[in-house]
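Convention: sequence-line order gives letters A, B, ...; per-chain numbering from 1.
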4 protein chains.
Amino acid sequence: MRKDPPALKPRKLPVQARSATTVEALHAATIQVLTQQGLARCTTTRIAARAGASVGSLYQYYPNRDALLAAVLARKLSGVSAAVDLACRAQQGQPIAQMAVALTRAFLAAKLHNPDESKALYAVAAQRGGAALIAQAQASMVVSIATMLASAADVHVANPAVTAEVALNTLVGSVRALLEGLMSPEVAATLETQLGALLTAYFQTHAVARAAASALARE
Amino acid sequence: MRKDPPALKPRKLPVQARSATTVEALHAATIQVLTQQGLARCTTTRIAARAGASVGSLYQYYPNRDALLAAVLARKLSGVSAAVDLACRAQQGQPIAQMAVALTRAFLAAKLHNPDESKALYAVAAQRGGAALIAQAQASMVVSIATMLASAADVHVANPAVTAEVALNTLVGSVRALLEGLMSPEVAATLETQLGALLTAYFQTHAVARAAASALARE
Amino acid sequence: MRKDPPALKPRKLPVQARSATTVEALHAATIQVLTQQGLARCTTTRIAARAGASVGSLYQYYPNRDALLAAVLARKLSGVSAAVDLACRAQQGQPIAQMAVALTRAFLAAKLHNPDESKALYAVAAQRGGAALIAQAQASMVVSIATMLASAADVHVANPAVTAEVALNTLVGSVRALLEGLMSPEVAATLETQLGALLTAYFQTHAVARAAASALARE
Amino acid sequence: MRKDPPALKPRKLPVQARSATTVEALHAATIQVLTQQGLARCTTTRIAARAGASVGSLYQYYPNRDALLAAVLARKLSGVSAAVDLACRAQQGQPIAQMAVALTRAFLAAKLHNPDESKALYAVAAQRGGAALIAQAQASMVVSIATMLASAADVHVANPAVTAEVALNTLVGSVRALLEGLMSPEVAATLETQLGALLTAYFQTHAVARAAASALARE
DNA sequence: CATGAATGAGTCTTCATTCAT
DNA sequence: GATGAATGAAGACTCATTCAT
């Protein structure tokens, strides 16, 4: 008999205390192995060994290797999403230039806080199932950013969702280049400034000054 | 058993017609298998079979699987680099806004000409050895773009290399999002326009009008 | 990506000479391991080792363990079917009592020629896919037997197909009991005689004397 | 790790009500899992889960998985044996034709009452230890049948034990074919009749009319 | 007594690579 | 040069059994 469609969801919820410990250890171990050995060498055996557990335990909590990797990726993505969302909420009603800078800063901080981990997870994201998680995180961030943009004090952004998405892709592109070692030191050194300026310029392109907008509306 | 120092260079140059044919078939087969089955199932046996050759023949031309994959990736990257270079040369001395648009168009065209192939090759790029090839291609494109920017008719770009790199990362970020299915239809539909506008705005931020620059220089 | 419906068919036809050798060795080894260690311990590794080959070779010819087992079973069943068919053809037009004896003798000989092998294959037959092979062999034998019965010189068998099937099941039941060691020495010693008598009696129950039949028809 | 001398006896007798309940639930669960998932997927964990117990509890009552399976098989076999025995006792002193029919009916009823269960248990019977249980049940039934045959009103069966054994194997053969789906609808529809006739014919072959026997004895 | 987390040996299966033909 | 059979290390995953809680 064949297996059902291979779930990527965790297999069961830990009910005993030590379960939580094991799951946590597996998460940490996965990131370590991923970081130090790469995705190809990130085997269930190695993860379990690093976690001080047995393969059996790993499979008690995850139906397969991909599910574990997906869980680790999902957690990381949630963290980034949350950080971006937090920053966006804090900028509600501010001028658009400040928003651009704050968004850039928050995103870079979240992604670069643990660069090795972020880099290692790119490989995971490329796996089956990774795209969906990324998509979800991106969507969440687009909403946060769009909401923020719509509240800008000084300008009226014509199409916040589209603008937010393009902006996010831009940030992602640069961060990826940085993490993968493709970025020159000159750019890396001034990345935040560069991206802040870039986004500011971009946002203003797609925006109309509030005053003008109001005037238009009044006519 | 894996060897420790796995050369990534082709084993020999095809000097005979038959060789060239086989190599060509292997390249094409690799892309097909990669596209249709994914990197994990892109095995030497399958590639050879698809190419109508034997595994033995494959190893006649490439020392190992990674070398073949690297060669395929390298060729694709050269193509993109060349396309970008061509476009940049054609824009020498033009206004900066036109450069932004032309660059965007050329890059998108090169990457999206065969989207499945481009997407499949991301997985290859994530492999050991892929980063170096990407780095090389990026560097080449940065030079092309920077040279173009420096020749802009209307503005003087302060630091063309840095600006070029940031711009390239931006383009890469959006293309990647598109290829991986992370882009909303709205953005995808107007991608070229959006990116053209974004880059135009960005370039102008980092630039000083030629007249002003001359004036400044004259003082 | 998941695998296609798991074929039980051999993977490829041997084109080189040594292939045939390997396949033959695998067959023989399978039977040996099955006989000596039982189905549960009949692992691909053990089979390959016994065959003096590597696991890899095994999988070159069979897509999975079950396919190999199925092939071994199928070959055995063909042998039995063929033997029964041969015997039945030889009895065309003979008196029914002689048919019963000849059938019994042929079936017992085929099954008991290599009792360990026959016994070991019962476990295989119980596996997924085994039933189909058995069904096929049974069907073939039923046809052979029914054809024979229909040609009996002395009696007219009313429903040869049904009679043949019941007879075959009877033979199978006794042989199985014998092979699995469930048969008392007394019965085992006279098995052929007993079954011959049983089938003769049964056949005559379901038959009408040719003379009577002709008479009936003539009325 | 498997232990070398794996006792197949239940570890302890259920003396408390709760125990009896658990054991009962385990039995029922085993049959369900066996029926629905097959022997290979009939794991201790699954059985326990289905029984609403924990693996630990399972091992409280059975030293290992095989012992549980053996117990389930044994119970089923006892049931069949008992049914046959009951029927045989009821036929004491009856004419032999009636005995044949009654025996057939009883055996078929017992085996086909729950066909899925019967079929699933074949796999268990093929395991190590299963043969012994089968042998025991067969022996018991042979005694019952032989005793019955010896008491036939109309005929004197020469060797009741042998005749009984051959008859039982015949029944078993047909039932097995039916359960494993090897039987054609035509035969299945009239199975009881066919087997009744077959056995009647067979019994009479091995018998001498009582009158004749008495006459012979008197000479 | 019950629970269920942990264990890890043992399965099947794949695939890069070699080398005799 | 070409072929493709053989190799065997390595990976994912299962499951009977134990034992701390």
Original post:
Under a 3.5 Å cut-off for both distances, is dT3(F) Watson-Crick or wobble paired, and to whom?
Top reply: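 Paired with dT3(F), as far as the under-3.5 Å criterion goes, is dA20(E).
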
Compare the minimum distances between each of [options] and the side chain of [X], then state the nucleotide with the smallest one.
X        : options                  : value
Ser57(B) : dA6(E), dT3(F), dC12(E)  : dT3(F)
Gln60(D) : dA2(E), dA9(F), dA6(E)   : dA2(E)
Ala53(C) : dC12(E), dA16(F), dT7(F) : dT7(F)
Val55(D) : dT18(F), dA6(E), dA16(E) : dT18(F)

**OP:** Quick one: label Ala51(C) by what it contacts on the DNA or RNA (base, sugar-phosphate, nothing), any heavy atom closer than 4.0 Å.
**Re:**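 Counting heavy atoms under 4.0 Å across all strands, no contact is made by Ala51(C).
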
Original post:
When you check the side-chain N and O atoms of Arg41(A) and Gln36(A), is any donor under 3.5 Å from an acceptor?
Top reply: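 Arg41(A) vs Gln36(A): no donor-acceptor pair found between side chains.
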
Original post:
Between Gln32(D) and Arg46(D), does any side-chain donor sit less than 3.5 Å from a side-chain acceptor?
Top reply: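 No, no side-chain donor-acceptor pair sits under 3.5 Å.
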
Taking atom [atom2] of [N] as reference, at what distance in whole Å does atom [atom1] of [X] sit?
X        : N       : atom1 : atom2 : result
Leu58(D) : dC15(F) : CG    : P     : 15 Å
Leu26(C) : dC12(E) : CG    : P     : 14 Å
Arg41(D) : dT11(E) : CZ    : P     : 18 Å
Leu39(D) : dC15(F) : CG    : P     : 11 Å
Ile47(B) : dG4(F)  : CD1   : P     : 17 Å
Arg65(C) : dC12(E) : CZ    : C1'   : 9 Å
Gln37(A) : dG11(F) : CD    : P     : 10 Å

Give a yes/no answer on whether the side chain of [X] brings an N or O atom under 4.0 Å of OP1 or OP2 in [N].
X        : N       : value
Thr22(A) : dA6(E)  : yes
Tyr61(B) : dA2(F)  : yes
Ser54(C) : dT7(F)  : yes
Arg46(A) : dA10(F) : no
Thr44(B) : dA16(E) : yes
Tyr59(A) : dT14(F) : no

Original post:
Out of Leu133(C), Leu34(C), Ile31(C), which residue meets the side-chain contact (heavy atoms from CB on, under 4.5 Å) rule with Val124(C)?
Top reply: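 Passing option: Leu34(C).
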
Original post:
Testing Leu73(B), Val23(B), Ile47(B) for side-chain contact (heavy atoms from CB on, under 4.5 Å) with Leu68(B), which one passes?
Top reply: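 Considering Leu73(B), Val23(B), Ile47(B), a side-chain contact (heavy atoms from CB on, under 4.5 Å) with Leu68(B) is found only for Ile47(B).
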
Subject >> First encountered from the 5' end of DNA chain E, between Gly52(D) and Thr45(C) >> reply: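 Nearer the 5' end of the strand: Gly52(D).
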
**OP:** Could you check Thr43(A) against Gly56(A) and say which one's nearest nucleotide on DNA chain F is further toward the 5' end?
**Re:**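 Result: Thr43(A).
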
Subject >> Arg75(D) bridged to Glu24(D) by N-O distance under 4.0 Å >> reply: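 Yes.
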
Original post:
Any idea which heavy atoms bring Ala25(C) and Ala51(C) closest together, and the distance?
Top reply: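 In this case the closest contact between Ala25(C) and Ala51(C) is O-CB, 3.6 Å.
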
